[in-house]
Structure formats: C-alpha cells, structure tokens
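Within every chain, numbering begins at 1; the chains are lettered A, B, ... in the order of the sequence lines, protein sequences first and strands thereafter.
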Amino acid sequence: MSEIPKTYDPSVVESEWYQYWLEHRCFVADAHSRKPAYSIVIPPPNVTGILHMGHVLNNTIQDILARKARMEGKEVLWLPGTDHAGIATQNVVARQIKKDEKISIRDLGREKFLERVWDWKNKHGSIIIDQLKKLGASCDWSRERFTMDPGYSKAVTDTFIDLYNKGLIYRGKRMVNWCPVALTALSDEEVIMKPQNGAMYFFKVQVVEEPNTWLTIATTRPETIPGDTAVAVNPKDTRYAHLIGKHIYRPLPTEFPEEKKRIPIIGDDHVEFEFGTGVLKVTPAHDKADFEIGQRHKLEFIDVMNPDGSMNDLAGADLRGLDRFKARKVAAEKLTELGVLEKEEPYQNNVGFSERADVPIEPRLSEQWFLKYPSVPRSIEVAEKGDLKFFPERWHKVYDHWLNNIQDWCISRQLWWGHRIPVWYRGEEVRCQAESPGADWTQDPDVLDTWFSSWLWPFATMDEATLKKFYPTTALVSGPDILFFWVARMVMAGLEYTGQTPFSHVYLTGIVRDKIGRKMSKSLGNSPDPLDLISKYSADALRFGVMRSAPLGQDILFDEQHVELGRNFCTKLWNACRFRQMHAGEVQGEIDPTKLTSDDKWILLRLDKAIAEIGDALRDYKFNEATSAVYRFFWSEFCDWYLEASKAVLNGTDAAQKANTLAVLDFILSHTLRLMHPFLPFVTEQLWHGLGYNQDMPADQGGTTIMFAPWPKPLGAEFLQGYSLDESDERFVEAKYELVTKARNLRREFNVSGAKKVRFVLRSNSELPAYEAAVLKLLLNAESVDFNAEVKKGTPSVGTQLGDLYLPLEGLIDVSAEKARLNKELEKIDAEIVKVQEKLNNPSFAQKVPANVLEEHQKRLADWRSKREAVLRNLKLLEGE
RNA sequence: GGGCGCUUGGCGCAGUGGUUAGCGCAUCUGUUUUACACACAGGUGGUCGGGGGUUCGAAUCCCUCAGCGCCCACCA
C-alpha cells in the first residue's frame with residue numbers, strides 16, 4: 001500500500017497507467033486462450049481524422065464493454081484500426097499540395113500523388129490512434145489494421161473478383177450521382193437531400209402537327225432543355241392524351257435547325273396529372289426518372305454537360321461553357337427573348353447534395369461498376385430471427401426497410417486513393433483478376449468506394465487463429481448515421497463470406513449535439529476538442545460525463561458541465577479512499593459477521609443491489625443507467641450515509657469493532673473500484689494500488705492490475721444469510737436516517753446552525769442500543785441524545801418511526817408558533833390519510849387489485865396514522881401541564 | 001408522401017399502469033465540523049405538450065391534435 005496523496009493529478013497518473021498496461025500487454029488478445037471469447041471491432045476512424053465527441057462516446061462505450069468483459073474472465077479482443085477514407089483523404093492531401101506547391105494533383109500525376117498520400121498517412125495517420133490512447137481505449141494495438149494494408153487489400157480484390165465471377169458485379173452505362181467537384185460518381189447513400197429555394201419556370205412549346213396548340217411545361221432546370229428528347233404526358237390525362245405521337249419543337253438551343261429541335265410527345269404513367277402543368281419535359285441524360293422514361297421509350301440521350309458541371313457544345317452557343325447555375329439563368333433569359341416563358345415562380349424543392357463537397361450532385365449518365373448486393377434475404381432473416389439484435393430495437397425496422405428497398409450499389413469512384421478495380425482491358429477484351437494479364441493490358445483507372453473495403457472489416461482484419469477464436473464478434477458499436485453505409489453492408493459481406501452474421505449485437509449510439517441541440521460541426525465551431533477536455537478535467541471525467549448523459553440511443557446534448565461532474569465524481573472517489581487510508585491499518589481481511597453493525601448490513605445490502613442494477617443496465621447497453629447507479633450508490637448511499645456513520649466506530653475505542661468496520665470499508669471499496677473501473681479506468685487503477693487491494697490477489701485476479709480483478713457479482717443468498725442481512729436491517733437503518741433528516745429539518749426551521757452541538761431528546765417505547773445512540777449523536781452533531789428525558793412544554797418536535805424526537809431550545813420556546821407548525825403538519829397528514837382511505841374504501845379497488853398492492857396501501861395508511869398520532873401527542877404536550 | 005423518435009420543475013434527463021413523480025445542473029439559505037468547498041446540510045420549484053378514451057387507478061395503455069427533430073422516397 002502506497003500513500004494516497006491529498007490531491008489527484010490525473011495528467012501524470014493517466015499516462016503512467018496507460019504505459020503500464022501497454023508494457024504488461026494487458027490489451028493483447030490471446031487467440032489460443034481457453035477463456036471464452038469476447039470481441040469488438042472498432043469502427044475504423046478516417047486516417048486523416050481527429051478525435052471528436054462522437055468518437056469519445058463511441059469508443060468509451062466499447063472500452064467499457066471490453067474492460068467489463070475482461071474482468072468477467074473473458075478473453076477480450078478489441079480490434080483497432082483506421083480507414084483509408086477515399087474521398088476525404090484524397091481531398092485533404094490534394095488541398096495541402098495545392099496550398100503548398102500551387103499545383104493540382106493532375107499536374108502531379110497518379111503515381112506521384114499516391115506516394116504523397118502514403119507519406120501523409122505515415123506522418124499523420126497515427127494522430128487519431130494516439131488520441132484514442134489518451135482516452136484510455138484498451139484496444140489490442142498489436143492487431144491494428146488499415147484498410148489499405150497489403151493483406152486487407154488482397155481481401156478487397158478477392159471479394160471483387162468473387163462477386164464478379166458470381167455475376168453480381170457488372171459494368172454499365174447508367175444514371176449515377178455525379179459530384180462535379182470531386183469529379184466522381186457517388187453511391188445513393190452519399191447524397192444528402194436538402195430543401196432549396198429555387199424557381200419553377202413555365203414555358204410553352206408549339207405542337208408541330210397542330211400549330212395552334214401550345215403546351216406549357218414546368219421545370220426547375222431550364223438549362224437542360226437542350227438535352228430534352230421528348231415531352232411526356234400521362235396517357236390517361238384527357239387534356240393531352242390525343243397529342244401522344246405528335247411532336248413539339250424544343251426551344252433551345254436557339255440556333256439549331258428545326259428538324260434537330262423536333263421531339264416527340266409520348267405517353268408515360270410516371271407523369272402526374274396534378275403536378276406542374278401535367279406536361280413533363282424528358283431529359284434522359286440528366287434526370288434519373290427521365291432516364292427510365294427514356295429507356296422505356298427508346299429515346300435519344302443527349303448529355304449537355306461536362307463532368308465539372310459546365311455546359312458543353314450540345315447545349316448550344318448560348319450556354320456553352322457556362323456553369324450549370326449560370327446556364328439556368330441564361331436559359332431562362334433566352335426563353336424570355338423567344339417569348340415562350342410564361343412565368344417564373346419561387347419554388348422550394350429537394351436537391352441532392354454531395355456529402356463531401358457539399359454541392360448539388362448532377363444525375364449523370366456514365367460508365368460505372370455496380371454491385372447487386374449479396375445475401376440480402378439472409379441479412380433480413382438473421383435480424384428477424386434474432387441472431388442479429390439491435391439496441392435500441394427500433395433500428396431493426398430501419399435496417400429492414402433499407403434492405404427491402406435497396407438499389408444496386410455504384411462501387412466505382414473516379415479517384416486515385418483507394419483500392420484499384422481489378423479489371424483489365426485489351427481492346428474489346430475484359431478480364432477480372434488481381435494481376436495484370438500481360439504488358440499490353442491496361443487496368444481500369446477507377447478505385448472502389450471506401451465502404452467496399454470497410455464492409456469486410458470484421459473478418460478481413462483477422463488472421464486465421466484470431467478468426468477461429470474471435471469471429472463472429474460479440475458486439476458492434478456504431479453511430480446510426482452509418483447504419484446503411486457500414487453496418488448493414490457488413491452483415492451482407494459477413495453472411496456471404498463467412499456464413500455468419502459478423503456480430504450478434506449492434507448498439508447504435510446517439511448523435512452528440514451541442515447543448516442547444518445542434519449537430520457538432522467544425523463550421524459551427526461548437527465541437528469541443530476532447531483533448532482539451534481531457535487535459536482540463538481528465539479522461540476519466542470526460543468518459544464519465546459522456547456516459548452519464550448518454551441514454552440508450554438518444555441524441556446527446558453535450559455540455560461541458562457533464563465533464564465537470566465527472567471530475568467531481570473522481571475527486572469524491574479519491575477522497576473517500578483517502579479517508580479509508582487515513583484510518584490506517586493494513587487491508588483488513590475477512591469480515592466477522594457477528595460484529596456487523598446495522599449500518600454495515602445496510603451498506604452491504606445496498607452494494608448488493610447496486611451490483612445487480614449495474615450488471616443489468618450494462619447487459620442492456622443502458623450506460624447512463626449504469627452510470628447513475630454507480631453514482632447514486634457511491635455518493636448518496638456510501639459517502640453520505642455509511643461513511644459518516646462509520647465514524648462512530650472508527651473514532652471510538654473498540655479495536656476489534658474498528659477492524660471489522662475497516663474490513664467492511666475495504667469490502668465495499670474494493671467492489672466499488674471494480675464496478676467503476678470500466679467507466680473510470682485510470683483513477684480506479686491508481687486507488688486499487690493505493691489502497692493495496694492488489695496485494696492479496698493472484699496476478700490474474702487483480703494482483704497486477706485492476707483490469708483483471710473479478711467483476712463483482714451479486715453477493716448471493718449464501719452471503720446474505722451468512723451475514724444475516726435481511727430487510728429488517730434495511731428498514732431499521734432507513735428509519736434511523738429518516739430520523740436524522742427530520743432532525744436536521746427541525747434545526748433548520750428553528751435556525752439552529754448545523755455546526756452547533758445541541759441536545760436532542762428521543763422519547764420512545766423501546767430503548768436504542770448504545771451503538772445506534774452513538775451513530776445518532778454523530779449524525780445529528782448532537783451534544784447528547786437523551787433517551788426518554790423530560791421536555792418542556794412547547795419544545796419543537798417531530799414524529800419518527802423510532803419515536804418522537806425533541807429539540808429542546810432554552811429561551812426560544814414559542815408555544816403558539818409550535819402549535820401552528822404542528823397543526824399545519826397535521827393538515828398535510830390528514831389530507832394524505834383521506835386520499836389513501838378513499839382508495840381503500842372503493843369496493844372495486846379491494847376486489848381487483850393484487851394482494852401486494854392492497855397490502856402496501858394498508859401499510860401506508862397505518863404509517864400515516866402513526867405519524868398523525870405522534871403529532872397529536874406533541875400537540876397534547878403543548879397544551880398539557 | 002411514408003416511417004421513427006421526442007414533448008415531465010429554469011436547463012438536461014429518469015420514470016412505460018399502483019408509495020407522497022425522481023436525479024444532475026442552476027437557484028436560495030446555512031456551514032471552511034481533521035476524506036472531500038471539485039464539499040456538507042437544508043430549501044424553493046413540476047400534476048407530467050393540448051383534448052378525448054380505457055381502467056378501481058395513467059406521466060405510464062389507446063385515439064386525436066399541436067410543436068420539435070431525424071430517416072427514407074425519381075413528383076418535373
């Protein structure tokens with residue numbers, strides 16, 4: 001046992017213990033262990049990323065699960081790593097190069113650029129890993145993986161080849177979400193719909209065959225008119241149905257000859273009667289729905305834009321070279337000049353934005369690789385059958401809905417940073433294989449969507465032995481924002497390639513928001529730097545604060561005050577342990593059951609309850625409940641009551657009794673530290689050693705580190721019986737504490753300072769044992785507690801379950817005031833009695849209510865009545881002689 | 001348009017049919033009492049978004065309205 005210093009300096013302690021754990025290989029998972037396995041794979045953060053509050057939440061939860069599992073005797077693997085994050089990383093490095101060297105990456109060339117990205121990765125890639133270490137994450141760093149590691153990359157390539165050979169991957173010219181800034185295709189999931197304020201343009205077109213007939217078309221995108229290859233109406237729409245088969249002249253580009261502007265009027269069910277004018281311009285190359293109409297009617301596809309979103313030659317002389325937004329305005333002007341623009345109305349619609357570049361995506365026809373998702377029915381089935389469970393459960397529905405409506409996944413990206421598509425071309429020949437078939441073959445220039453690699457994460461990260469021991473993993477902890485991107489896809493890949501769901505529990509955290517509910521973001525500047533919080537309050541404090549405010553799957557409104565609370569809690573723990581140590585003595589061994597005081601029994605029972613509660617809460621992933629239970633037990637029950645009561649013995653003279661109380665204190669503290677360790681790994685480790693609890697333990701049971709000390713189990717019937725702990729002890733002690741609270745209230749009401757030692761009188765039928773009297777005296781800060789002594793008329797009093805308590809006050813007695821006070825009290829009690837009685841008098845209540853509820857109500861009534869009697873007794877005393 | 005979540009004291013949340021609706025923060029009062037002022041003791045403050053229903057009994061179940069938020073969806 002080393003001496004616990006007066007103040008706790010987390011900054012030193014935390015880094016020392018982390019180093020210690022690393023040196024003792026505490027986080028390393030043994031694939032050949034005989035212990036039952038518990039495994040988690042980390043959601044790999046972006047290599048370019050820095051730790052934010054979402055990571056703190058996510059990884060604290062995983063760490064809690066991992067640490068608890070270790071203490072429960074499991075062989076734990078928490079597998080860490082990072083994601084190459086294609087677009088994000090490419091952007092970051094490209095921007096840096098542009099800034100430093102004023103050159104674009106195209107100038108640099110593919111090979112050179114990739115070298116730069118690797119340089120960047122090697123230089124900065126460990127930042128977020130180091131930050132996780134600061135947080136206390138107990139990951140097995142010896143197994144750290146990166147999605148572009150050679151082995152991992154091979155898995156990605158092999159997967160592609162396999163799915164290709166199965167006919168699930170195909171190449172096709174289709175409508176994709178095109179990001180005009182990143183110049184790449186995106187998956188549907190990477191598109192974010194945002195309401196935009198734009199305009200609806202109404203323009204008219206002349207029917208070729210009926211020059212007197214004009215149709216009015218509504219559009220938000222007049223710049224795409226040069227790409228229109230038909231006009232569509234609903235065949236059931238009587239206003240227009242007769243025109244199907246005829247033609248109109250497309251107004252743009254103006255300089256085109258008439259025959260080039262002549263486009264058909266077609267009938268298609270997709271057109272809504274009510275919307276706009278009921279006439280739809282069809283632009284198959286620039287709109288997903290129009291593309292489908294185009295296919296149905298074998299229309300021409302005219303692409304009028306360049307990849308960067310500017311207009312090309314086909315858009316005509318007026319628009320050529322203009323940016324799409326500028327072109328929209330110019331197109332509207334042209335329509336006005338032609339005299340065909342009827343009106344322009346403000347209009348709000350949803351526009352898809354590129355997640356990364358935050359610009360409107362362009363639906364664009366392009367040649368891409370697509371994947372028909374594998375193992376979809378089984379993915380739905382495993383969740384239905386409960387082999388895959390969601391916490392909270394409601395996410396199952398969301399998962400299910402997505403799987404039932406998925407479209408093929410566009411997996412190719414026009415980027416350089418990522419896994420190259422393993423497809424080779426020679427003229428018309430195509431081959432899908434890892435290595436080049438020969439010198440005259442060229443590889444597909446595209447890379448794969450980052451998620452096409454991360455969906456293999458739970459198994460592609462593991463070697464054979466590790467897989468055998470730790471796969472499938474136990475739990476996955478993720479934010480709900482990547483449920484589709486990552487979680488669902490991992491299930492599919494897992495089922496397809498391992499035949500098993502890669503994890504059986506999915507815990508979806510809330511999203512961390514600021515205290516007024518906004519999403520944390522760099523641009524708002526409302527995201528605190530977790531490292532600042534750690535250096536200000538400690539990692540333990542940060543973890544505790546975040547956990548305490550993280551209800552099951554609800555969004556978390558982050559407030560620094562939570563962290564402050566966490567720090568205060570650590571300090572409280574520190575001081576309570578110091579208190580134990582100040583009362584000297586070596587760690588006490590066994591508790592002598594015959595020497596237990598009522599308070600000892602009470603706190604042991606409370607501990608038992610807390611252990612059960614914390615265990616249950618953690619089993620259900622209710623981290624805030626677990627944290628609250630820890631908090632309540634330790635602070636409100638142990639510190640506020642037991643510790644204070646224990647001073648009656650510790651400051652006394654009975655050495656044997658003292659030793660027993662110290663043994664109880666050690667028992668409680670040892671359990672408490674272990675219960676807290678998953679939440680507060682550092683301070684608990686420090687105190688575990690500081691109090692010497694490691695000394696009697698075998699090395700793998702907490703002798704070296706609290707990390708492997710056994711996780712507390714409920715004490716069990718045998719223990720409770722052996723120590724003769726039962727409800728009567730609980731009731732008595734609670735009555736005692738109730739008396740103390742009431743007495744303190746009495747002081748308050750009569751302005752008697754809590755610091756002043758005063759005399760109390762307790763009048764009761766049964767005498768209190770000396771120990772109880774001593775505890776009362778201490779808790780009441782009394783000069784004495786006189787049993788059944790005489791009190792003067794008008795002495796303030798309060799009725800308790802242990803008797804009537806009086807606070808004799810010389811010279812301060814005011815009979816009428818006291819009478820008024822008691823009468824007021826009486827009124828309150830009477831009201832309660834009426835309430836309960838009314839319930840009990842209701843005949844259907846007595847009939848229908850279960851026996852225990854009835855009993856409870858009767859007990860309550862008796863309780864109120866005895867309180868009433870106490871007040872009446874005292875009133876009588878006031879009036880009497 | 002569909003789905004989901006939320007609405008409890010000033011703020012953030014617990015409580016999902018049965019004690020006097022809890023907790024933390026904030027606030028007010030008192031206390032520097034040898035574990036802790038990052039503390040201790042005590043207090044003020046809510047009838048549980050509105051309305052209706054089921055029930056002996058509802059914050060808790062059902063219906064409905066309203067507000068906030070999220071997700072999904074090819075209405076130009």
*Give one of base, sugar-phosphate or nothing for A:Lys6, where a contact means two heavy atoms less than 4.0 Å apart.*
sugar-phosphate
_Output the rounded distance in Å from CE (A:Met193) to C1' (B:C72)._
11 Å
_Nucleotide paired to B:G42 in any strand shown, Watson-Crick or G-U, under 3.5 Å_ = B:C28
*asked:* Less than 4.0 angstrom between a side-chain N/O of A:Lys572 and OP1 or OP2 of B:C40, yes or no?
replied: yes
*asked:* Mind checking if A:Phe484 touches a base, just sugar-phosphate, or nothing, with heavy atoms under 4.0 Å?
replied: sugar-phosphate
*Could you give the CD-to-P distance, from A:Gln561 to B:C25, as a whole number of Å?*
9 Å
*asked:* Heavy atoms only, 4.0 Å cut-off, all strands: where does A:Cys639 land among base, sugar-phosphate and nothing?
replied: base
*Answer with base, sugar-phosphate or nothing: what part of the nucleic acid does A:Lys742 contact at a heavy-atom distance below 4.0 Å?*
nothing
*Go ahead and name the base partner of B:C36; Watson-Crick or wobble counts if both distances stay under 3.5 Å, otherwise write none.*
none
_Counting the atoms with a prime plus P, OP1 and OP2 as sugar-phosphate, which does A:Thr219 contact under 4.0 Å by heavy atoms, base, sugar-phosphate, or nothing?_
sugar-phosphate
*Could you check how far CZ of A:Arg548 sits from P of B:G22, rounded to whole Å?*
17 Å
_As a test of reading the structure: which of B:A41, B:A35, B:C38 is closest to the side chain of A:Arg744, going by heavy atoms?_
B:A41
*Separation of B:A39 C1' from A:Glu564 CD (nearest whole Å)*: 14 Å
*Scan side-chain atoms only and decide if A:Arg578 and A:Asn575 contain a donor-acceptor pair under the 3.5 Å cut-off.*
yes
*Quick one: A:His562 NE2 to B:C23 P, roughly how many Å, whole number?*
17 Å
*Could you tell me how the ring of A:Tyr507 sits relative to the ring of A:Tyr621: parallel (under 30°), tilted (30 to 60°) or perpendicular (over 60°)?*
parallel
*Between B:C74 atom P and A:Gln407 atom CD, what is the distance in whole Å?*
7 Å
*Under 4.5 Å between any side-chain heavy atoms of A:Phe569 and A:Trp574, yes or no?*
no
*Figure out the OH/P separation between A:Tyr399 and B:G3, and round it to whole Å.*
22 Å
*Under 4.0 Å between a side-chain N or O of A:Tyr347 and OP1 or OP2 of B:A76?*
yes
*Base, sugar-phosphate alone, or nothing: which one does A:Thr741 contact when heavy atoms must sit under 4.0 Å apart?*
sugar-phosphate
*Does a side-chain N or O from A:Asn350 land closer than 4.0 Å to OP1 or OP2 of B:A73, or not?*
no
*Is the A:Trp402 ring parallel, tilted or perpendicular to the A:Phe484 ring (thresholds 30°, 60°)?*
parallel
*Across the strands shown, which category fits A:Asp640 at heavy-atom distances under 4.0 angstrom: base, sugar-phosphate, nothing?*
sugar-phosphate
*Would you say A:Lys281 reaches B:A76's phosphate, i.e. side-chain N/O to OP1/OP2 under 4.0 Å?*
no
_Counterpart base for B:U54, defined by Watson-Crick or G-U wobble contacts under 3.5 Å_ = none
*Residues in salt bridge (charged side-chain N to carboxylate O under 4.0 Å, His left out) contact with A:Lys194, at least two apart in sequence or another chain*: A:Asp358
*Both distances under 3.5 Å, Watson-Crick or G-U wobble: report the partner of B:C23, or none.*
B:G12
*In terms of the angle between their ring planes, are A:Tyr399 and A:His396 parallel, tilted or perpendicular, with boundaries placed at 30° and 60°?*
tilted
*Please state whether the base of B:A35 and the side chain of A:Glu644 form at least one donor-acceptor pair under 3.5 Å?*
yes
*Take atom CZ of A:Phe569 and atom P of B:C23, then tell me their distance rounded to the nearest Å.*
17 Å
_Nucleotide nearest A:Asn575 when distance is taken to its side chain, options B:C25, B:C40, B:C36_ = B:C36
*State whether the number of non-hydrogen atoms from other residues, nucleotides or ligands found under 6.0 Å of A:Lys204 atom NZ is greater than 12.*
yes
*Base B:C74 paired with A:His270 side chain (donor-acceptor, <3.5 Å)*: yes
*asked:* Is A:Trp635 close enough to B:C40 that one of its side-chain N or O atoms is under 4.0 Å from OP1 or OP2 there?
replied: yes
*May I ask you to say what A:Glu272 touches in the nucleic acid, namely base, sugar-phosphate or nothing, with a heavy-atom cut-off under 4.0 Å?*
base
_Please tell me if A:Lys647 has a side-chain N or O lying less than 4.0 Å from either OP1 or OP2 of B:U33._
no
_Under 4.0 Å, heavy atoms only, any strand: does A:Arg748 hit a base, just the sugar-phosphate, or nothing?_
base
_Nearest-nucleotide pick for A:Val398, side chain only, options being B:C71, B:G12, B:A76_ = B:C71
*Which nucleotide, B:A35, B:C40, B:C75, lies nearest any side-chain atom of A:Phe275?*
B:C75
*Between A:Asn745 and B:G43, does any side-chain N or O lie under 4.0 Å from OP1 or OP2?*
yes
*What nucleic acid atoms does A:Ile217 come within less than 4.0 Å of, heavy atoms only: base, sugar-phosphate, or nothing?*
nothing
*asked:* By the 4.0 Å heavy-atom rule, please label A:Trp864 as base, sugar-phosphate, or nothing.
replied: base
*asked:* In this structure, is the centre-to-centre distance between the rings of A:Phe679 and A:Phe623 below 6.0 Å?
replied: no
*What is the nucleic acid contact for A:Val271, judged by heavy atoms within less than 4.0 Å: base, sugar-phosphate only, or nothing?*
base
*Opposite nucleotide pairing with B:G67, Watson-Crick or G-U, both atom distances under 3.5 Å*: B:C6
*Side chain of A:Leu565: nearest nucleotide among B:C38, B:C25, B:C74?*
B:C25
*Return yes if the base of B:C4 and the side-chain atoms of A:Arg394 contain a donor-acceptor N/O pair under 3.5 Å, otherwise no.*
no
_Regarding A:Leu280, tell me which of base, sugar-phosphate or nothing describes its non-hydrogen contacts under 4.0 Å with the strands shown._
base
_Nucleotide paired to B:A76 in any strand shown, Watson-Crick or G-U, under 3.5 Å_ = none
